[in-house]
Q: 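One structure is given below, represented as C-alpha cells, and several questions about it will come after.
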Amino acid sequence: MDLDETGDATVAMLNSEDFLDWFDDITRRFLKNTKIDKAVNYVTTDFFNWAQRNSIYPLHFGIACCALESPMATFGPRFDMERFGVLPRSSPRQCDMLIVNGPVSYKLAKKLVTLYEQMPEPKWVMAMGECSISGGPFWESYNIIEGVDKIMKVDIYIAGCPPRPEAFFDGLFKFQEMIRDNKQGMFNLDAEVEK
Amino acid sequence: MSERTEAIEQGQRDHHKPELFETDTLKHNLQTGMTGEQEVLQMLKGKFPDIEDMKITLPRRIEFKVPAEKLIETCNILKNDMDYKGVSFISGVDRRTGFDVTYMLFSLSHSPVLVFTVSLPKDEPSIHTVCGVWRAANWYEREIYDMFGINFENHPDLRRIMLRDDADFFPLRKTYKLNDKPKKWQEECRRVQ
Amino acid sequence: MAEMWVNMGPQHPMTHGLWTLKVKIDGETITDAIPEVGYLHRGIEKIMENRTFPQSIPLADRLCYGSAHSWSSLYVFTVEDLMGVVAPERAQYIRVITLEIQRIINHLLWLAAYAADLGILTMFLYPMRERELFMDLMQMISGGRLMYDYTRIGGVRNDTPDRFEEETLKQIAVLEQKLQEYEGMMDDNDMILMRTMDVGILRPDDAIDLGVTGPNLRASGVPYDLRRHDPYLVYDKLDFAICVEKRGDCYSRYRVRMNEMRESMSIIKQALKDMPAGPIMAQNVPKKAPKGSEVFTRTADPRGDSSIHMIGNGTDKPYRVDIKSPAFINISASPTILIGNRIADVPSIMGSIDVCIGETDR
C-alpha cells in the first residue's frame, strides 16, 4: 500500500505487482474451493492438448547439414510438414520448439542459450542428427561441444547423419505422443503454487 | 563451338534495361586463347632473374620461392606488370622447423596459376601483409593468423576470425594435439547448464 | 541523420546459416558493413590431418550441405593428383554427370531460398519440388539423399544402376519445362525486378580484386569458368557455354544461375551419350602419398572456384590439408557490394551471392 504524491492518506492504491498477486491468490482460492478447476480441466484438457501437439512451431534456425532436411526439405512440397501443423517461425518469441540441427561450437553456445531463453514456455528442444547428439564426426575437434545436451536439456533425439525427412517425422510423432502423455495443456494449480 | 552456345555467349537474352559494363576486352583475351605455361615461365624468368627454382610442376601450375623481404616488391610486379590480378588463396603450413605461407594467383589472360612460397622462422613468425596489393588477402591472412599465429604487419584488421576472441591457442600448429579441448570453455559450458 | 549499427544474425531469416552481418546505416543507406563468421568452425582441416585418405571422404562431403558431392570430388581429385592416380574414362564421365546433377540441385536450392528471401513463398515450393527429383537421381546412383560419399580415390564406388540414363533424361525434360515456368514467375514479376534490378552492383574490377569467383564473377561480365580455363575430368571434350551477364546486379546473378542449369542439363545429356564402357576403378591405387609431394587442385564448385592445397609426407595421412572455399571469400567481399544500398535490400543482395556457412567456416 502506497500513499499518493500529495501525501493524503485518504487515497490508498495497489501497485500492479501487488494487484496481480492479490488477484492470483483470490482466483486460485476461488477455483480450488469451488472445484471449478476440475470442471475446467475435464472440459478443456483434451482440447488444449490436441491444439498444442498439432501446432508445434519450431524456430527457423539452420546450423548445418540437417537444416536442409528438417526446416527446408520437410517444409517443401514432397514432405510438407505443415500437414502436421509444424510451421517454422523466424522469431524465437513465437516458437515452442528449438531444433538443434548441427554441431554446436563454443562460439555459438552462448547465442544458442540466449535463443532458448527467449522462447516462451512451454518449450522443447530437439537434437537432430549426430552432431547435436554427440558431436558426430567432429567430436574430437577443438571447437565443438560433444552434444547439445551439455548445455541444455534435450527432449527428443533423432539419429542419422543427416536424418532423412521420414526420420524427422517419426521423431515428431513420438514427440506428439510425449506431449499427450504428459497431459500438456492441463490447468494445474498445485504446480504453480510450488513454483 | 555450336551455334547454340555462341548465341548464349553473345548474351541474347531479354534484358529489360541496357547493360552496365562493357566487357569486350576481357572476353577477347579469353577467347583468343590464354598464354601457355612456357611463355609465362619465360616472362617470369625475365622479370625475376634472382629466383632460381622456378618450375612447372603440373599442367598450368608454376611454383617458386620468394624471400620474405622481397614479398611486396614481387607481388606488385606480378600484379601490375604480369596481369596476375586475383589471388586464389593464401595458405599457411607448419613445417615443424618453421612456417610457410603460400600464395596462389590467377590471371584472366594467362592460363597457369602461380604458386609461390615464403618461408618464415619458427619463433615469432611475422610477414608483411599483401592486403594493399589484393584486397582479397584480408580474410585469408586473418585466417592464417587465427590458425597458426603468424603475425601480418600493417594488416588493417588482424583479429581472430573462426575462433572466439578469448582463444589462447593456435589449433593448426603441429604442437597442438587433436581432442585437446580448451579447459576454460568446457567449464563455461558446464556452468550454463 | 545519426548513424547506427544494426546487427543481423546469427539467427536471422536473411543469413541462411550462422553468420552475423553488422551494418552501419545512415537513415536507410548502408555506409559500412562487417561480416562475422566462425560459428560453425568444426576444425575439419585438423581432423583430416589425423585421418587416412579414404576416411576423410565423408568429412569432405559434410563441408558443404548444398553441394556435398562437389566437395568430396575435389578432395578425391586432390588425393589423386598427390598420388599420381588417373581414374578410368568411364569413371570420369560418371563424375561429370553426378557433379552436374549436384550443380542443378544446388542452384535449385539457391533459387528456392532466394525467392523466399524476396517474399514469394510459392516460388520456394516449386524449385524444392524439382530438386527432389534430382535428389532421387543421386539417391539412385549413390544411396544418399543429401550426403553421397560416392567418389573413391581412383574412380567411383559403383557403376550407374539400370534405367539411370532413362530416368535422368526424363527428369531433365521435366526441369527444362519447369525452368520456363520459374522464369515466368520471376522475370514477369515487377516486384522481383524492382528488388533485384540495379541492386547490389559489383563491378568486374572490384570482383577480381576481391577474389570473387564463380557465378558472381560471371554475373559481373567476366567470362571465367574453371571448367573451360583450367579443365579437369573430361570437360574439355564437352560443349558448353560460359554463362555471362553484364549488369553485375542481383538480377544478373539470378540469370547466370538459371542459364547454368540449362548448360548443366546439356552437359549431362552429352556425357550420357558419349560415356564409354569400361572399368570404374583404377588398378593398384596406392595407400600412401609420396614423401614431399605437394599439390594445388582447383575445381568449379557451384558457388565459385574451390581449391585444396595438400601436402603428403610418405604416410597414409595428409601432412596438411588447406581448404579454400568460394563462399568464404564471397562473404568477405560483401561490404563492397552492400555499401550505398538500402538496408531493406540486404536480404536481396546477400541471398543473391549464395552463401554456404558449412564450407565458409569449415
Side-chain angles (χ1 to χ4, degrees), chain B residues 1-2 4-9 11 13-17 19-23 26-27 30-31 34 57-61 63 85-94 102 104 106 108 111 113 115 134-140 142-143 146-147 157 160-164 171-172 174 176 178-179, chain C residues 36-38 41 43 45-47 49-50 81 187 193 197-198 201 203-206 208-213 220-224 228-230 239-249 255 259 262-263 266 294-296 298 305 307 309 311 319-320 322 324 328-329 331-333 336 361-362:
Chain B
M1 200 175 287
S2 70
R4 192 182 66 83
T5 52
E6 267 177 12
I8 291 176
E9 288 205 350
R13 288 172 218 99
D14 43 354
H15 263 197
H16 299 243
K17 286 184 188 175
E19 284 142 5
L20 289 177
F21 306 132
E22 204 50 61
T23 56
L26 284 167
K27 203 169 169 182
L30 290 162
Q31 286 191 340
M34 298 162 121
T57 48
L58 282 167
R60 295 180 293 279
R61 303 278 183 280
E63 292 179 24
K85 298 268 192 242
V87 53
S88 216
F89 73 67
I90 304 176
S91 98
V93 184
D94 181 2
T102 304
M104 179 159 142
F106 74 97
L108 296 175
S111 76
V113 289
V115 181
W134 300 283
R135 275 183 285 164
N138 190 327
W139 274 30
Y140 289 139
R142 272 179 72 186
E143 196 199 339
D146 192 357
M147 294 290 138
D157 184 23
R160 294 251 177 198
I161 186 166
M162 294 298 178
L163 299 180
R164 272 161 49 166
L172 284 183
K174 289 285 172 190
Y176 188 85
L178 191 69
N179 206 1
Chain C
E36 292 273 344
V37 296
H41 180 63
E45 291 169 8
K46 187 78 181 176
I47 300 174
E49 284 173 17
N50 292 278
D81 281 355
D187 292 348
L193 295 182
M197 281 269 181
D198 296 335
I201 292 175
R203 298 197 62 81
D205 44 349
D206 274 344
I208 296 167
D209 197 28
L210 289 165
V212 174
T213 48
S220 293
V222 184
Y224 185 71
R228 177 72 58 77
H229 294 112
D230 191 359
D239 177 31
F240 61 95
I242 301 175
C243 305
V244 191
E245 295 286 330
K246 295 184 181 176
R247 302 173 53 83
D249 55 3
R255 287 301 324 164
N259 289 326
R262 292 214 167 83
E263 288 311 306
S266 139
E294 187 168 352
V295 288
F296 309 86
R298 303 198 291 167
D305 305 350
S307 38
H309 169 204
I311 301 174
Y319 182 76
R320 166 94 173 101
D322 193 331
K324 284 299 174 225
F328 177 76
I329 207 67
I331 290 180
S332 85
T336 314
D361 289 355
R362 299 182 293 274

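Every chain is numbered from 1, with letters handed out A, B, ... down the list of sequences. Since this is a predicted model, take the numbers as computed values, not measurements. As a basis for the values below, the full set of heavy atoms in this structure was taken, side chains included, without hydrogen atoms, waters or symmetry mates.
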Q: Please determine if C:Arg362 and B:Glu143 form a salt bridge, counting it only when a charged side-chain N lies under 4.0 Å from a carboxylate O.
A: yes
Q: Are the side chain of C:Arg320 and the backbone of B:Gly92 linked by a donor-acceptor contact shorter than 3.5 Å?
A: yes
Q: Under 4.5 Å from any heavy atom of chain B, what part of C:Val212 do you find: side chain, backbone, both or neither?
A: neither
Q: By a 4.5 Å heavy-atom criterion (distance strictly below it), what part of B:Asp146 contacts chain C: side chain, backbone, both, or neither?
A: neither
Q: Should B:Val93 and C:His309 count as side-chain neighbours, where that means a heavy-atom distance under 4.5 Å?
A: yes
Q: Using a strict threshold of under 4.0 Å (side-chain N to carboxylate O), is an ion pair present between B:Arg61 and C:Glu294?
A: no
Q: For chain C, which candidate among B:Ala137, B:Gly86, B:Ser91 shows the most heavy-atom pairs at distances under 4.5 Å?
A: B:Ser91
Q: With only heavy atoms counted, which part of C:Ile311 is less than 4.5 Å from chain B, the side chain, the backbone, both or neither?
A: side chain
Q: Side chains of C:Asp206 and B:Arg135, heavy atoms from C-beta outward: is any pair under 4.5 Å?
A: yes
Q: Please name the pair of heavy atoms, one in C:Arg298 and one in B:Phe106, separated by the smallest distance, quoted to 0.1 Å.
A: NH1-CB, 3.8 Å
Q: With a 4.5 angstrom heavy-atom cut-off, is it the side chain or the backbone of B:Val115 that approaches chain C, or both, or neither?
A: side chain
Q: Between B:Leu163 and chain C, with a heavy-atom cut-off of 4.5 Å, which part of the residue counts as in contact: side chain, backbone, both or neither?
A: side chain
Q: Chain B heavy atoms under 4.5 Å from C:Asp205: which part of the residue, side chain, backbone, both or neither?
A: neither
Q: Side chain from CB out, backbone as N, CA, C, O: work out which of these in C:Asp322 comes under 4.5 Å of a heavy atom of chain B, or both, or neither.
A: side chain
Q: Heavy-atom distances under 4.5 Å only: say whether B:Tyr140 touches chain C with side chain, backbone, both or neither.
A: both
Q: Show the nearest heavy-atom pair for residues C:Gly211 and B:Ala136, with the distance to one decimal.
A: N-CB, 3.7 Å
Q: Check each atom of C:Lys324 against the heavy atoms of chain B and say whether the ones under 4.5 Å are side chain, backbone, both or neither.
A: side chain
Q: Considering non-hydrogen atoms only, spot the tightest contact between B:Tyr176 and C:Lys46 and give its length.
A: O-NZ, 2.7 Å
Q: Select one option (side chain, backbone, both, neither) describing which atoms of C:Asp361 are under 4.5 Å from chain B's heavy atoms.
A: both
